[in-house]
Amino acid sequence: MKFFIDTANVDEIREAASLGILDGVTTNPTLLSREKGKGDFKDILKEICEIVKGPVSAEVVGQDADTMVEEARKLAAIDEHIVIKIPLIKEGLKAIGRLKAEGIRTNATLVFSANQALLAAKAGASFLSPFVGRLDDASHYGMDLIRQIVAIFDNYDFDTEIIVASVRNPLHVVEAALAGADVVTIPFKVIEQMIKHPLTDVGVKRFLDDWKKLGAKI
Ligand code: E4P
């Protein structure tokens, strides 16, 4: 299972990379807008690629296939690790096929149904991102969609990797792993929550206290 981090914040990415668990990054226009004032967005994406050296998703904002393809070419030129996020709309599907033909990898985003996932795979997306948290927010079990897509993909030989996106808490990560998703993209805060366990902290403290009593040095 691959872990991506869902942020455009270079400090968070550096910190997560130092943990040795990071395979890639997903950004989107909202996440990049949070970095306003920290330099040109292309420089930020380039820096992220240099830190992670894995797939780094950057999203187009054009609404027609021609504009999406044009924007995708510019984003892909930033670094070889850039993967183009394309919203799963009709024009987006057209763009995914055209970019595949050009050898540019895509991540079909804003996926909320199994049919959209099938279409993304058929069009040749390298990744697809179902948004579990936003489905939960709308009173649907987001993880049910992941289980459906994994089951469907198990029936065929699609190359498209499933990224569990819109992750809100550590349980989402566990459920994504149980469902057999290829990738989970996790906000920094949730990575920190995954590390923490109160019994680990209590245990570390007890060992340190007892070691002090021994009065020895390693
Ligand atoms: C995924 O690639 C998106 O960037 C992200 O997971 C969306 O999450 P949100 O629903 O918390 O905005």
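Both ligands and their constituent atoms are indexed starting at 1 by order of listing.
The shortest N/O to N/O separation between Thr27 and ligand 1 does not fall below 3.5 Å. At least one N/O-N/O distance between Arg134 and ligand 1 falls below 3.5 Å. Close N/O approach between Arg168 and ligand 1 is found [any backbone or side-chain N/O within under 3.5 Å]. Some N or O of Lys85 is nearer than 3.5 Å to an N or O of ligand 1, by distance alone.
The residue from Leu31, Asn107, Asp6, Val184 that puts a heavy atom closest to atom 5 (C) of ligand 1 is Asp6.
Under the 4.5 Å side-chain heavy-atom criterion for ILVMFWY residues, no single connected hydrophobic cluster contains both Val83 and Ile51. Hydrophobic clustering keeps Ile163 apart from Leu88 (ILVMFWY residues linked when any side-chain heavy atoms are closer than 4.5 Å, directly or through intermediates).
Checking each of Asp136, Val132, Leu178 against Met143 for a side chain to side chain contact (heavy atoms under 4.5 Å, CB included) leaves exactly one that passes, namely Val132.
Scanning the protein heavy atoms around atom 8 (O) of ligand 1, the nearest turns out to be Ser166 CA, 3.4 Å.
Under a 4.0 Å N-O distance rule, the pair Lys213/Asp209 does not qualify as a salt bridge. Between Glu91 and Lys94 a salt bridge is recorded (basic side-chain N to carboxylate O distance below 4.0 Å).
The shortest distance between side-chain heavy atoms of Asn107 and Thr26 falls below 4.5 Å.
Distances from ligand 1 to the non-hydrogen atoms of Asn28 include at least one value under 4.0 Å.
Within ligand 1, the atoms closer than 4.0 Å to a non-hydrogen atom of Phe131 are 1 (C), 3 (C), 7 (C), numbered from 1 in the order shown.
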